[in-house]
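So the structure is just underneath, and the comments pick up after that.
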Amino acid sequence: MKKFTISKANRNLIGTIHLPSSKSISNRLLIIKSLAVGGFEIDNMGDADDTLLLQKLLNKIREFQGRSSMTELDTENAGTVMRFLTAYLSMVPGKWILSGTERMRQRPIGILVDGLKSMGAQIDYLAKLGYPPVMIQGTSLKGREIIVDPGISSQFISALILIGPKIPGGLTLHLSGSAVSFPYVKMTIGLLKYFGIHIVQERSRIVIPEGDYIPRNFFVESDWSAAAFWYEAAALADFVDLELIGLSQDSLQGDSIISSIFQNFNVRTEFTETGVRLIKVPQSLKENQFKFDFSDHPDIAPSVITTCTMLGLHGFFTGLKSLQIKESDRLMALKNEYAKLGITSETYSAGNMIPALEIMANQIDFPHDLQINTYNDHRMAMAFAPVAILNDISIENPDVVTKSYPGFWDDLKSLGYEINE
């Protein structure tokens, strides 16, 4: 297995990082462009594996739509691609099979399928009920009001919103409980408004009228979720003067909240004309503990929790149930890797999910030849890589970062980290 050994000669973080474009925005734009009447330009579109995969599959769909024979589309382990295409293909003429990796077969899709079938979609499960792979026969959907549980994945809601304008009569969603990752739903709503759809959100009710997407060119901002790993590196460093290019203060991305979160770890954010500048405030931390609810921001949980752990803080974190159905079971993965450092952690169960994690304030015991398992999860690799500023570490299967941040290792080296394969 490929492995990177990472070290750093000092604890200074000085340089400039050109962040990747937002994967979440890029993927939504690709679906909108496929549904729009007339084309438009997507400037600065992301080059993450998930975005390139979605683009490739949409091209294949255009080539094979309307055929009577079955066409199989492999979504690999890209949850957004699986969920967005399930909704999209339900109204594209043709016969389709959406498959994926073994991990994808463990990631639920039943809530989305139920909502689509209530509008007339023809979707069948090919293995376990409620999970991929699925077989879809594209048909004309009927607009109506449907109730959707938003507590598993916001991608179900976004997938329905994206196709809503193309459903005769439009679509009204009633969200039946507490939502996870709701800022991603707000992102989708914001994009629909940009492209001329008069969507209305009133508390737990979202009304998507029938209409055409109006073609308008769009420039994709940099990815705040990717920036979280550089904020983590800054929190662990002694001296910081780091520019992150392309971030916007007035952002569609909910994960822009990291600029305020990391104030707790003495990382100050200064917004500039080109992005942000990070500076480390030379003072002791005001608190020896940190609590946070990640319900709206699960993608930054690995970086924030690892930061707290490496700073020796007592942490209590809630809103983590969606972490179990990501590219890996991230709760289990984090606990396993922290245990290698002598760190005690406890999870608290509620039903079949684990919504809370407590990290005990421990002195970290770095073992000789510390090896981090990535669990084939890009965010696990990137959450632990900055730790090399404290102690040499090895990262197994480092190429997983290409799922969202292909240039991550080059950027890490540009800041003085040494990487040996």
Side-chain angles (χ1 to χ4, degrees), residues 22-24 77 79-80 103 107 150-155 178-185 187 223-236 253-265 267 289-311 313-339 341 343-350 353-360 372-387 400-401 403-405 408:
S22 168
K23 177 168 72 82
S24 300
N77 194 19
T80 305
R103 176 60 183 169
R107 303 178 71 178
I152 302 299
S153 173
S154 66
Q155 291 174 1
S178 298
V180 297
S181 306
F182 199 71
Y184 285 101
V185 175
M187 174 193 292
D223 196 336
W224 274 102
S225 303
F229 306 108
W230 305 118
Y231 272 85
E232 175 188 346
L236 302 180
Q253 302 172 68
D255 285 350
S256 60
I257 195 173
I258 61 174
S259 63
S260 59
I261 290 176
F262 275 80
Q263 290 179 12
N264 297 280
F265 312 131
V267 179
Q289 61 179 356
F290 183 73
K291 298 180 180 180
F292 195 79
D293 181 351
F294 286 101
S295 296
D296 283 343
H297 314 284
D299 284 347
I300 61 173
S303 55
V304 174
I305 296 173
T306 301
T307 299
C308 292
T309 303
M310 297 304 146
L311 291 175
L313 303 179
H314 188 108
F316 191 81
F317 309 102
T318 56
L320 300 174
K321 64 181 181 180
S322 68
L323 266 65
Q324 291 185 294
I325 58 169
K326 297 291 186 179
E327 285 79 357
S328 69
D329 180 343
R330 286 183 183 156
L331 272 182
M332 175 206 65
L334 288 170
K335 280 175 58 68
N336 288 349
E337 301 313 296
Y338 293 156
L341 301 168
I343 296 164
T344 303
S345 60
E346 295 289 343
T347 49
Y348 299 90
S349 301
M353 303 297 284
I354 302 177
L357 174 69
E358 184 175 14
I359 303 291
M360 312 308 173
I372 298 297
N373 184 349
T374 62
Y375 303 84
N376 203 33
D377 188 332
H378 56 134
R379 298 200 191 279
M380 284 294 294
M382 292 185 286
F384 279 92
V387 176
V400 293
V401 302
K403 182 176 176 65
S404 63
Y405 194 162
F408 178 76

For A235 against L311, the heavy-atom pair lying closest together
O-CD2, 3.8 Å
Nearest heavy-atom approach of D299 to R379 is O-CD, 3.4 Å
E358 side, atom CD; K291 side, atom NZ - distance, nearest 0.5 Å
9.0 Å
Rounded to the nearest 0.5 Å, what separation is found between the NE2 atom of H314 and the CZ atom of F316?
8.0 Å
Pairing residues for [X] by the salt bridge (Lys or Arg N to Asp or Glu O under 4.0 Å) criterion, not counting sequence neighbours:
X	result
K335	none
D223	none
E327	R330, K403

Any donor-acceptor N or O pair under 3.5 Å, side chains D296, Y184
no
Could you check whether S225 and D255, counting side-chain N and O atoms only, form a donor-acceptor pair closer than 3.5 Å?
yes
For [X], all residues meeting side chain to side chain contact (heavy atoms under 4.5 Å, CB included), sequence neighbours excluded:
X	answer
A383	F229, E232, P302, T306
N264	F290
A385	I6, F408, W409, L412

Report yes if the side chains of [X] and [Y] come closer than 4.5 Å at any heavy-atom pair, otherwise no.
X	Y	result
Y405	H378	no
V400	M382	no
I359	L313	no
I300	I261	yes
I257	F292	yes
V180	K321	yes
S345	M360	no
N373	N336	no

Quick check on side-chain contact (heavy atoms from CB on, under 4.5 Å): which of I325, L320, L323 does P298 satisfy it with?
L323
Y231/F262 aromatic ring centres below 6.0 Å
yes
